[in-house]
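One structure is given here, and the rest of the page talks about it.
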2 protein chains.
Amino acid sequence: MTEITTDQSLAMLAALAQETRLEAFRLLVAEGPDGLPAGDVARIVGVPSNTMSTHLAILERAGLIASQRSGRSIVYSARLDAMKALVLYLVQDCCKGQPGLCGEVAAMLDPASSCARPETQH
Amino acid sequence: MTEITTDQSLAMLAALAQETRLEAFRLLVAEGPDGLPAGDVARIVGVPSNTMSTHLAILERAGLIASQRSGRSIVYSARLDAMKALVLYLVQDCCKGQPGLCGEVAAMLDPASSCARPETQH
DNA sequence: GTGACATTTCGATGGTTGTAGAAATGAGGG
DNA sequence: CCCTCATTTCTACAACCATCGAAATGTCAC
């Protein structure tokens, strides 16, 4: 996920442009690669589990989080590579107009070396 | 605009999470600091001028673009500093969970950030 | 002043979205 | 099999949003 289309960016932006979802996503990012069961996310954020379920589905469809069954629970975790791709997309827009302004950031994110996930992808 | 609240980020994300607005914003970014009159933006993107006017107002309220009268026209231009602040906000979320992952990006966009890794840089 | 032009505001409409109760699906444990 | 727990789907509803025609506002030239 180092290249990204406008449609994908649109889906990610729409997924993050909602208070409950942004909060859930930030929680999952803060929780790290181990993630958190859907129920815990709902409880911490403070919404019913079915409501959170739809939000998590939207985040997952946008590619921003991943899900994995673990016993009775479904554990969600943030996909930082997707986040990186979104940031890259936004910064590349900057570059197009003014190469000197955000060029360093784009160059840093693009090689996938300095910011890449160290462990295995799911 | 180097610090940014969650509400502001939410407004920016919502402003960009819409096809017509994202297209208009990218157009303004590509156009550079001189910007473009509202009518030109509407014509190029291909929507009526009143529709584009509401979209430009939303982008401006989010802080992503600026407006300036020039004769009969109102010229809009992208605010790259706001864009940078949004990217910084997103990347700082990354840092919170995994400091080693996107720390260099945060440090580059805002050297005073708590995410920076001072001992290994430079 | 009048007229032409650029843009915004008003108003209405159709579509989308966030929310949550109720029911259904799935996964252990006995 | 039966029960319980975790999560998702189904369904409905209220609120919001994108769109655009029509009218209003503001600006310049004459």
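Proteins come first, then strands; the chains are lettered A, B, ... in the order of their sequence lines, and each starts at number 1.
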**Message:** From CG of Asn50(B) over to P of dT25(D), roughly how many Å is that when rounded to an integer?
**Reply:** 16 Å
**Message:** Could you tell me if the side chain of Val45(B) sits less than 4.5 Å from the side chain of Thr20(B), heavy atoms only?
**Reply:** yes
**Prompt:** So does Ser53(A) get a side-chain nitrogen or oxygen closer than 4.0 Å to the phosphate oxygens (OP1/OP2) of dT8(D)?
**Reply:** yes
**Request:** Please determine, for the side chain of Arg72(B), which listed nucleotide (dT19(C), dC5(C), dT9(C)) has the closest atom?
**Result:** dC5(C)
**Asked** NA contact type, Arg43(A), heavy-atom cut-off 4.0 Å: base, sugar-phosphate, or nothing?
**Response** nothing
**Salt-bridge present (Arg43(B), Asp40(B); N to O < 4.0 Å)** = yes
**Asked** Counting any heavy atom closer than 4.0 Å, what does Ser73(A) reach on the DNA or RNA strands: base, sugar-phosphate only, or nothing?
**Response** sugar-phosphate
**Message:** Quick check: on DNA chain C, is the nucleotide nearest Gly71(A) upstream (toward 5') of the one nearest Gln18(A), or the reverse? Name the residue that is more 5'.
**Reply:** Gln18(A)
**Asked** Given dA20(C), dT8(D), dA27(C), which nucleotide is nearest the side-chain atoms of Ser49(A)?
**Response** dT8(D)
**Request:** Indicate the atoms forming the closest heavy-atom contact of Ala17(B) with Leu10(A), along with that distance.
**Result:** C-CD1, 4.0 Å
**Message:** Nearest whole Å is fine: how far is dT25(C) P from Ile74(A) CD1?
**Reply:** 15 Å
**Asked** Closer to the 5' end of DNA chain C via nearest nucleotide, is it Ser70(A) or Pro48(A)?
**Response** Pro48(A)
**Prompt:** Whole Å only: how far is the CD atom of Glu60(B) from the C1' atom of dT9(C)?
**Reply:** 15 Å
**Spacing of Leu56(A) atom CG relative to dA6(D) atom C1', expressed in whole Å** = 13 Å
**Euclidean distance, atom CE of residue Met52(B) to atom C1' of dA6(C) [Å, nearest integer]** = 15 Å
